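Sequence lines set the chain letters: A, B, ... in the order given, protein chains first and strands last, and positions in each chain run from 1. All heavy atoms count here, side chains included; hydrogens, waters and symmetry mates do not. Here the structure is a predicted model, which is why all the values come from computation and not from measurement.
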Amino acid sequence: MVLDFVFVGGWMYKTHTCGELNIEHVGQEVSLAGWVDRVRDLGGVSFIDLRDRFGIVQVVSNPETSQEVHQDLAPVRNEWVIQVIGTVRKRPEGMTNTDLSTGEIEVEISRIEVLNPSVTPPFQINQEEDVEEQTRLKYRYLDLRRPRMRNNIILRHKIVAFIRRYLDQKDFLEIETPILFKTTPEGARDYIVPSRVHPGQFYALPQSPQQLKQMLMVAGMERYFQIARCFRDEDQRGDRQPEFTQLDIEMSFVERDDVMALLEDLYTGLVAEVRADKRVFEAPWPRLTYQEALDRFGKDNPDIRFGFELKDISDLAPESGFRVFADTIEKGGLVKGINAKGIGDYSRKQIDELTEYVKQFGAGGLAYLALTSEGEERSSFAKFLSSEVKEELIKRLDGTPGDLLLFVADAPEVVYESLGRLREELRDRLELVDKGVLGFCWVIDFPLVNWNADEKRWDPSHHLFTSPMFEDIDMLEEDPSKVRGQQYDLVLNGYEIAGGSIRIHNADLQEKIFGLIGLDMDVARERFGHMLRAFSYGTPPHGGIASGIDRLCMLLADEPNIREVIAFPKNQSARDLMGNAPSSVEPGQLEELHIKVDLE
RNA sequence: GGGGGCGUGGUGUAGCGGUUAACAUGCGGCCCUGUCAAGGCCGAGAUCGCCGGUUCGAAUCCGGUCGUCCCCGCCA
């Protein structure tokens, strides 16, 4: 028996993968290795679906051909790892399986080798049944064998591979930055790592390589990128993990539009390559100002794929006759509404559910005006309105029979938040969007700083290295709230998937910003002295962007949370259920680090 | 830190005050020579997450606790 195992870097156990065999290979002797996906023992003839990463192929044994093979095969069960040597042959007439790429052929076994048996797995690998996530995470190595996870991991690889290829072609250098670096107290909570050689001192894991990539611009690298792991010790959500991956990009001698154009081109090409079946909602991607995003969608990461936009009716409120509306305006608030098209016949109970929903976000209530499909009106507040005001309201919101008009009157933040969230809640309830559509948009012209009422100071809305718009710089002193930052966010289907800015590259301006946000110069020098020093040595104008790879993969894989696109994610309480991390350590390890644990 | 949902054979579910705790699938055995979610027959497998309470009686009601998921806070 002579088998062709010649290709360099191949696998000694295989001449072919399970997925690649087809009618062309008929007559060839092959060696395959993989997992038993399923056994069909018909008493005489036996079939095994043999699976590897590349596909499934049916292998057959017949006692008339070889009694010995048939005996070797008898004990084999699902998920055993076996090697099969045999001959590819065309399946008999009418026995083709059109669901399988290898369905025209099968492999007649001449030898079978058990490489490793398997105990019965805790859940079925060969079936797409829902299994509790806890179990999936505990046995993640088995979960990853299933098609859903395998496809997600493959998609993620393709995404990252495309990004690397693209950026390499555009003259970017991939540069690694330290995982052990310095704490950044003004961001999220840091993960910290004790230093053994410097007792009492700690490294911090990077929340992002922000400072380091700017240093690389000072260093003259001009175009940098990294698929960077980032760490933030905050509570989890479906789209947040304690460690996550971002595509980190920084460029010298660029303006805002250069960075935005690069990312738009990159992701447009990426979608065409990895999800050609998806349709982009609007191209070139629309650009919304921060204010426009809030006014129309109630959030700075809007889902632009459907209507139900927010309409302002604040001007009608004072004279409306409805006290709640009028008082809100009196107190400096806003009144806005959305037209939930097509649910004018919602029951009182259903409307109450929506009211409960917005209350989560601080709204005092939800005023409604239902225009039933029979042309009648039901309303919580219309009785207070003159018919002129009511007509104007309906006109403003483009209300027609069958619509439900919903209003929130409150402080601006509350109005935006509650209606913005309600809009997306209605999207999900009413299935308003086609899942095959990708709604990219840019949000620009963010305020550079926001007033922090609790701490009585200005906080950067992006981060403290973001450059103000040059034309706004002279307002820094008189009215910081009016200063826009050279910042841009990329939003996809209502998720922020990238954010960046043009940076400050001048030590004077950087010191001014430190002053504005109330950072004492001594403290600033201690924390960011290395940056100020670097900026005094010839720093090019520069800017960049960071994009959440996990979220991007999640959206391109049509998954509901980022755990589904991470091989070994952590659960809600930041625990790894497979390895059971975090765990306690030996007392000796703590001693070495000069650490005493004090558990209350 | 707060609010909500869910914990029933290995897996997924049903049962919601008195059942022999049901069904599907998986698992084990037997039969079966063209299956591909193979089929048929038989069988094993659950003190209903844990603790306490109410009740003549609790998987079922109540309280607590643990685990897990979703949301708020948090996430420059």
Paired nucleotide for B:C50 [Watson-Crick or G-U wobble; both distances under 3.5 Å]: B:G64
Rounding to an integer number of Å, can you tell me how far A:Asn126 CG sits from B:U35 P? 19 Å
Once you apply a heavy-atom cut-off of 4.0 Å, does A:Ser208 come out as touching a base, just sugar-phosphate, or nothing? base
Below 4.0 angstrom, N of the basic side chain to O of the carboxylate: do A:Asp558 and A:Lys435 qualify? no
How far does CG of A:Asp233 sit from CG of A:Leu205, to the nearest 0.5 angstrom? 9.5 Å
Does any N or O donor sit under 3.5 Å from an N or O acceptor when you compare the side chain of A:Ser461 with the base of B:A76? no
Across all strands shown, which nucleotide pairs with B:G39 by Watson-Crick or G-U wobble geometry, both distances under 3.5 Å? B:C31
Of the nucleotides B:U68, B:U35, B:U33, which one has an atom closest to the side chain of A:Gln134? B:U68
Rounded P spacing from B:A21 to B:C30 in Å: 30 Å
Out of B:C36, B:A37, B:A76, minimum distance to the side chain of A:Gln210 belongs to B:A76
Does this structure show an ion pair linking A:Arg421 with A:Glu424, if we count only N-O contacts that are shorter than 4.0 Å? no
Taking the six-membered ring for Trp, are A:His463 and A:Phe465 parallel (under 30°), tilted (30 to 60°) or perpendicular (over 60°)? tilted
Please confirm whether any donor atom in the side chain of A:Arg136 sits under 3.5 Å from an acceptor in the base of B:G12, or the reverse. no
Per A:Arg40 side chain, nearest of listed nucleotides B:C71, B:C36, B:C70: B:C36
For B:C42 versus B:U55, give the span between their C1' atoms, rounded off to a whole number of Å. 42 Å
With the side chain of A:Asp99 defined as its heavy atoms from C-beta on, choose the nearest nucleotide among B:C27, B:A76, B:A37. B:A37
Please measure how far the C1' atom in B:A14 lies from the corresponding atom in B:G29, and state the result in whole Å. 29 Å
Under a 3.5 Å limit on both distances, the Watson-Crick or wobble mate of B:U25 is B:G10
Write down the distance between CD1 (A:Ile125) and P (B:G12), rounded to a whole number of angstrom. 13 Å
Whether the side chain of A:Gln127 and the base of B:U25 hold a donor-acceptor pair under 3.5 Å is what I'd like checked. no
Centroid separation under 6.0 Å, is that true for the rings of A:Tyr203 and A:Phe181? no
Any salt bridge between A:Glu353 and A:Arg429, counting N to O under 4.0 Å? yes
Quote, to the nearest angstrom, the C1' distance that separates B:G9 from B:U33. 35 Å
Would you mind classifying the nucleic acid contact of A:Pro460 as base, sugar-phosphate or nothing, using non-hydrogen atoms under 4.0 angstrom? sugar-phosphate
Tell me which residues in residues 228-248 of chain A lie within less than 4.0 Å of RNA chain B, going by non-hydrogen atoms. A:Arg232, A:Glu234, A:Asp235, A:Arg237, A:Gly238, A:Arg240
A:Asp41 has a side chain; which of B:C32, B:G26, B:C70 sits nearest to it? B:C32
Check the orientation of A:Tyr290 and A:Phe446. Use parallel for under 30°, tilted for 30 to 60°, and perpendicular for over 60°. tilted
Just how far, in rounded Å, is C1' of B:C69 from CZ of A:Arg563? 7 Å
Indicate yes or no: does A:Glu132 engage A:Arg136 in a salt bridge with an N to O separation below 4.0 Å. no
Can you tell me which nucleotide in B:C27, B:C69, B:C36 comes closest to the side chain of A:Gln572? B:C69
What about A:Asn62: does its side chain form a donor-acceptor pair under 3.5 Å with the base of B:U33? yes
Give a yes or no answer on whether the side chain of A:Gln487 reaches the backbone of A:Leu448 with a donor-acceptor pair at less than 3.5 Å. no
If you check every side-chain atom of A:Arg77, which of B:C72, B:A76, B:G28 has the closest atom? B:G28
Which part of the nucleic acid does A:Glu106 contact within heavy-atom distance under 4.0 Å: base, sugar-phosphate only, or nothing? base
Rounded to the nearest angstrom, tell me the gap between atom CG in A:Leu464 and atom P in B:A76. 12 Å
Could you tell me the separation between the CZ atom of A:Arg575 and the P atom of B:U68, rounded to a whole number of Å? 7 Å
So that I can tick it off, tell me whether A:Glu133 and A:Lys138 are bridged by a salt bridge, with the cut-off set at under 4.0 angstrom between side-chain N and carboxylate O. no
B:A38, OP1 or OP2 - any side-chain N/O from A:Arg38 closer than 4.0 Å? yes
Same-atom distance (C1') from B:C16 to B:G10, integer angstrom: 25 Å
Judged by atom type as modelled, is there a donor-acceptor pair below 3.5 Å linking the side chain of A:Thr135 to the main-chain atoms of A:Val131? no
I'd like to know whether A:Asp248 forms a salt bridge (charged side-chain N to carboxylate O under 4.0 Å, His left out) with A:Arg229, so could you lay out the CA-CA distance, the side-chain angles of the two residues, the decisive distance to 0.1 Å, and finally the verdict. CA-CA 10 Å; A:Asp248 198 42; A:Arg229 192 67 62 87; over 6 Å; no
Rounded to whole Å, please give me the gap between CD in A:Gln360 and P in B:G2. 17 Å
Who is the Watson-Crick or G-U wobble partner of B:U55, with both distances under 3.5 Å? none
Contact pattern, 5' to 3', of nucleotides 4-11 of chain B - B, S or - by protein heavy atom under 4.0 Å: ------BS
Under 4.0 angstrom, heavy atoms only, what part of the nucleic acid is A:Arg457 near: base, sugar-phosphate, or nothing? nothing
Round to the nearest Å and state the distance from A:Tyr357 atom OH to B:C70 atom P. 15 Å
Rounded interatomic separation in angstrom, taking CH2 from A:Trp80 and P from B:C27: 12 Å
